[in-house]
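Here is the structure we will look at, set down as C-alpha cells.
All chains are named by letter (A, B, ...) in the order of the sequence lines, taking the proteins before the strands, and each is independently numbered beginning at 1.
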Amino acid sequence: MALTIKEVEHVALLARLELDDFEKELFAQQLSSILEYVDKLNELDTDGVEPLAHILPIYNIFRKDEVKPSSSREEILANAPLVEIGQYKVPKIM
Amino acid sequence: MSRDYEIVVGLEVHAELKTASKIFCACSTAFGAEPNTQVCPVCSGFPGTLPVLNEKVVDLAIKTGLALNCEIAQFCKFDRKNYFYPDLPKAYQISQYDLPICKGGYLEIDLDGEKTRIGITRAHLEEDAGKLVHQGDITTTPFSLVDLNRSGVPLLEIVSEPDMRNAQQARAYMEKLRSILLFAGVSDCKMQEGSLRCDANVSVRPWGQKELGTRTEIKNLNSFRALERAIEYEAKRQMDALEDGETIIQETRTWDEEKGVTRSMRSKEEAHDYRYFPDPDLTPLRISKEWIEQIKASLPELPDQAGQRLIEEYGLSEYDAAQITISPQSLDFFDQSVALFPDAKTVSNWMMGDLNRLLKQQNIEIEECLVRPAALAEMLKLVKNGTISGKMAKTVFEEMFLTGRDPAEIVKEKGMAQISDIDSLAPLIDEIVEKNPKVVQDFKNGKEKAFGFFIGQIMKATRGQANPELVNQLLRKRLNKE
Ligand SMILES: [Zn+2]
C-alpha cells in the first residue's frame, strides 16, 4: 500500500508541516510501511463487530452544571507570544 | 428573478444551550464578560487537560430532539474535527460526526395558510470556538485578537433537510425553530448575542429536475431579515450565472449586510479534510429509555400545542394563533391580558395591530416593552365602558408604549375622556338642533347629509370627545321627535 508523494504533501499541508523533497520521499516510504503493517487487520473477518467508540467499557461520565472560578487572565495568557488588551494577538486571518 | 429555476434551501442552525457552565469545563457561559476572563486550561486547550461532559447539555439536547420530533440515539459519542484556526485553541473542535444525539425529526411551518413539513436531518452536540476581533482597520491591520470566553460554550447544531423552496420558507423555518427552542427552554436564542446562528445552503435547479444543483453555503446571517435577503440574492446570482453559461462553484460565501451581496470566502486552501476520529478523552453516551421518558414528561407546552389551544379555546384564526405563539413571552402576554380582560379577540387584535407595529418600529421584543398585560387590560376596559373611543385608545396606547404610564392617568391628563353621559350630551344636542331649523327640515325631507351635519357640529362643540355611538343614538331620537 504505497503512499504517493502527492498524498504526503496533502497530509503535510493539513498538519502545517513544511517538508523538503528528501523528507517527502522518506516519509512516503515510512508511512507506507506503517500502513502496510496496519493493513494486516484487514485480513480479519470483522463482520458483525461494532466499531469501537472508546478503548474502555465506560460510559456516561458527567459533571454537574456548576460554575467554578476560571483561571486568572494573566495565567491563561502567560505563555502567549503576543498579548494585547487582555487578548492573544495573532497574525490576521481573512 | 428568473422563473425557470427552482430554489432549494437547507439550513444549519447553531443554538447555544442554556447552561451555567461550559460543555467540558466549569467556566461560566455568561455573555458580555471582559475578554479571556471565563477561560481555564481545559477550554484554552492546554496540553494534558481533560474534558468532562456537562450532564445538563445532554438533558437539553434530548429535550430539543423531542421537541423537534427526532429520534434520540441510544448510543452516541464525541469526535474530533481537526483544523487550524486561531480561535480554536486545541486545533480540533469536539463535535459529533457519525453518531449524532438526535436524528430524523421535523417541524411544520405555516405560510399564508399553507402548511409545509420541513425535515430535520440531525442535531449534534459540539463546543463553540473563541472569538476573533480585528484590530483597527481590517484591510490594513496585520493582527487579530483572540478572546476565548466563548470557547467551549455548548452548541447544538440543527441541520435541516433541503426542504425549503424560497427565502420566505427559510425565514418561517428559522422563526418556528426559534419559537420551539424558546418554549422548550433550551436556548435564549439571541441572534444579536450569537446564541442562535444560521448558515444557509442554497442551490437552484431547472424546474422538474430531480438532482440538486451545486450548492453554496452562506455564513454571517445575523438576523431573520439577513437570512431572507441573502437567500434571495444568492439564488438570483446563481440563476444569472447559469443563464450566462457559467457553472456554480461549491464554496462558502459570506453575507455583506451593508452592500446586500454574498461574497466568496474561498481561500487558497484545498477542500476541507477534517479527519474526524472518536475523541479518546471522552466516554461514549448511553441514553436509556427511562432518561428519555423522564425528559419527555418535563416538556412544556410547545408552540403548535399552544396555538391549537388558542384556536379551540378562543376561536382565534390560525394566523393570529401562530403570531401570538412566536415566543413564550408573547403567549404569556396574551394569556395574562385575557385573564384580566376576557375578550381574547380584542386582546389578539391589539397585539397583532398596534403592539406589533410599535415593537417592530422600536425593534424590541415584547418582554422589553413598557406596556404590561395589566395596563393593556385596563385600557381595553376604558374602551369597553365608553370612557374613551377606539380611536382615542390608539393615541393612549402609543403613549403607554413610549412612557409605560397608566392609561387612566394619560386619559385624565390629556383631557381625552369621552363624554358618554346623556345628561351633558342631550342639552347640547337640543341646542344645536334648535339653532338649525332649516337643516332639520332637510333631514325630514330625507337628506341623510343633514344628519352628518349635526354630528359634525356636536363633535366640534365637544372637541371630538363625545361618544360617537351615543351621539348617533341620541341625535336620531331627537330628530325623530321634530
Ligand atoms: Zn474553561
Beyond-backbone contact of B/Pro41 with A/Ser71, side-chain heavy atoms, under 4.5 angstrom: yes
Which atoms of A/Ala15 approach chain B - backbone, side chain, both or neither, heavy atom under 4.5 Å: backbone
Side-chain donor-acceptor contact under 3.5 Å, B/Asp279 with A/His54: no
Part of A/Glu84 within contact of chain B (heavy atom distance under 4.5 Å): both
Backbone N/O of B/Cys25 and side chain of A/Arg63: donor-acceptor pair under 3.5 Å: yes
Over all atoms of both residues, closest heavy-atom pair of B/Cys27 and A/Val67: C-CG1, 4.4 Å
Main-chain N/O of B/Pro35 paired to A/Arg73 side chain as donor or acceptor, under 3.5 Å: yes
Residue pair A/Ile76 / B/Phe46: nearest heavy atoms and the distance that separates them: O-CZ, 3.9 Å
Sorted by number, residues from residues 147-156 of chain B in contact with chain A (heavy atoms, under 4.5 Å): B/Asp147, B/Leu148
Validation row: A/Leu77, B/Asn36 side chains within 4.5 angstrom (heavy atoms): yes
Flag side-chain contact, heavy atom, 4.5 Å: B/Arg286 against A/Tyr59: yes
Residue pair B/Tyr274 / A/Leu14, side-chain heavy-atom distance below 4.5 Å: no
